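Within every chain, numbering begins at 1; the chains are lettered A, B, ... in the order of the sequence lines, protein sequences first and strands thereafter. The structure displayed is predicted, hence computed values, not measured ones.
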2 protein chains.
Amino acid sequence: MKDQIAVFNECARRKGLKNTSQRTLILKAFLSSPSHYSTEDLYLKLRKNHPKIGYATVHRALKLFAECGIAVELDFGDGQTRFEPLTIGQHHDHLVCTECGSITEFSEPRIEELQEQVAAQHGFKIERHRHELYGLCSKCIGRG
Amino acid sequence: MKDQIAVFNECARRKGLKNTSQRTLILKAFLSSPSHYSTEDLYLKLRKNHPKIGYATVHRALKLFAECGIAVELDFGDGQTRFEPLTIGQHHDHLVCTECGSITEFSEPRIEELQEQVAAQHGFKIERHRHELYGLCSKCIGRG
DNA sequence: TTAGTTTCTGAATGTCAATTTCAATTTTCC
DNA sequence: GGAAAATTGAAATTGACATTCAGAAACTAA
Ligand SMILES: [Mn+2]
Ligand SMILES: [Mn+2]
Ligand SMILES: [Zn+2]
Ligand SMILES: [Zn+2]
């Protein structure tokens, strides 16, 4: 979190960006929760205490965070791009519940390793990947 | 292919759909190629020989094929949904080249197995999944 | 501080694929 | 053949994302 703010400040400096109260506000709100926010989500959350904030400002800030490497863009196929804080060296993938929308994280080094082997077999160089399991979370199985 | 037409016909019958030349045409064009078509792609291809076909008709047909289980919807994050014929029991995932857009298929049972284990550990029931590797294909590495 | 320059903000507008509308057409079934 | 139901395709709409632009705010160097 401190790290992420430092990384962002350095990135902003390099880009010649100015410090604004809005961006600081959005950054803190974004980092203060491990959630997987859409622009809409974060905009609505911020608007409760800061009714003047604009949707476009939130959107631009999230894209900027991704550019600066402190956020990752996620797409779970529901038509809304989501963002999550990137914890350096802490890659993970997701379990997405199709019933309640809850998101759980997982990390499986053996899958990552096999993935590399598959790519190597095809002479393919992986830049990034996406691995999502869709289905019912334990709560929703119980309710079924 | 014969199987897929039979599956579709049964699905259409159950839904009380009528037979139309357009849908037959779209179905044949769709099944006759292993490509990963967007609506736009298939529409443009069909229009060469059938200038009167409508974009909406192609789009509705592709969605219908997916509903009937003979097509899968794919999203490689380029803003266009793609469709590919579903070969029963022949699941595969994809390598997507970020340079030339080429799509290669892969299948790795050990990954599928580990995936199931991960889900089981979380009490999660997988309905479907998505596993895509983005990066440079062998051709594009050569050109790099 | 102050004037000058650059960036930022947010309401409005534009973009683009996906989806819907609707009047005319086609299919299906008596 | 004729009525009822589904289909078609051009056009309009939707919804998320992206951009525009005029006024506001932040920096910079006297
Ligand atoms: Mn996550
Ligand atoms: Mn494929
Ligand atoms: Zn759930
Ligand atoms: Zn390539």
Worksheet entry | B/Arg23 side-chain N/O to D/dT7 phosphate OP1/OP2 under 4.0 Å | yes
Worksheet item: Rounded to whole angstrom units, what separation is found between the CD atom of A/Glu73 and the C1' atom of D/dA16?
Response: 13 Å
Worksheet item: Among side-chain atoms of B/His94 and B/His131, is any donor-acceptor pair under 3.5 angstrom?
Response: no
Discussion item. If I take atom CG in residue A/Asp78 and atom P in nucleotide D/dT14, what distance separates them, rounded to the nearest angstrom?
Written reply: 21 Å
Worksheet entry | No-H, no-angle donor-acceptor pair, B/Lys18 side chain to D/dA5 base, under 3.5 Å | yes
Response to the item:
When A/Arg82 and B/Lys15 are each assigned the nearest nucleotide of DNA chain D, the 5'-most assignment goes to B/Lys15
Worksheet item: Think A/Lys52 has a side-chain N or O under 4.0 angstrom from the OP1 or OP2 of C/dT9?
Response: no
Worksheet item: Does atom CD of B/Glu99 have more than 12 heavy-atom neighbours, drawn from other residues, nucleotides or ligands, at distances under 6.0 Å?
Response: no
Worksheet item: Please give, in whole Å, the distance from D/dC17 P to B/Asp75 CG?
Response: 12 Å
Fill in: SB check A/Glu67 A/Lys15 (cutoff 4.0 Å)
yes
Worksheet, complete the sentence: B/Leu62 atom CG is separated from C/dT19 atom P, nearest whole Å, by 11 Å
Response to the item:
Here the distance between atom P of C/dT25 and atom CD1 of B/Ile53, to the nearest Å, is 17 Å
Worksheet item: C/dC8 P sits how many Å from A/Arg60 CZ, rounded?
Response: 9 Å
Worksheet item: With respect to the phosphate group of C/dA18, does any side-chain polar atom (N or O) of B/Tyr55 fall under 4.0 Å of OP1 or OP2?
Response: yes
Practice prompt. Answer yes or no: does a side-chain N or O of A/His59 lie under 4.0 Å from OP1 or OP2 of D/dA18?
Written response: yes
Worksheet item: For D/dA6, does OP1 or OP2 lie under 4.0 Å from any side-chain N or O of B/Thr20?
Response: no
Worksheet item: Between the side-chain atoms of A/Arg13 and the base atoms of C/dT7, is any donor-acceptor pair under 3.5 Å?
Response: no
Item to complete: Flag yes if more than 12 heavy atoms outside A/Lys125 fall under 6.0 Å of its NZ atom; otherwise flag no.
Response: no
Worksheet item: Does B/Thr57 have a side-chain nitrogen or oxygen under 4.0 Å from the phosphate oxygens OP1 or OP2 of D/dG9?
Response: yes
Worksheet item: Do the charged groups of A/Arg110 and A/Glu113 touch, with an N to O distance under 4.0 Å?
Response: no
Worksheet entry | Comparing A/Gln22 and B/Gly79 on DNA chain C - which has the more 5′ nearest nucleotide | A/Gln22
Worksheet, complete the sentence: Between B/Ser21 and A/Gln80, whichever has its closest DNA chain D nucleotide further toward 5' is B/Ser21
Item to complete: Using a cut-off of strictly less than 4.0 Å, decide whether A/Thr81 has a side-chain nitrogen or oxygen near OP1 or OP2 of D/dA16.
Response: no
Response to the item:
Atom CG of A/Asn19 and atom C1' of C/dT7 are separated, to the nearest Å, by 11 Å
Item to complete: Measure from CG on A/Leu64 to C1' on C/dC8 and round the result to the nearest Å.
Response: 12 Å
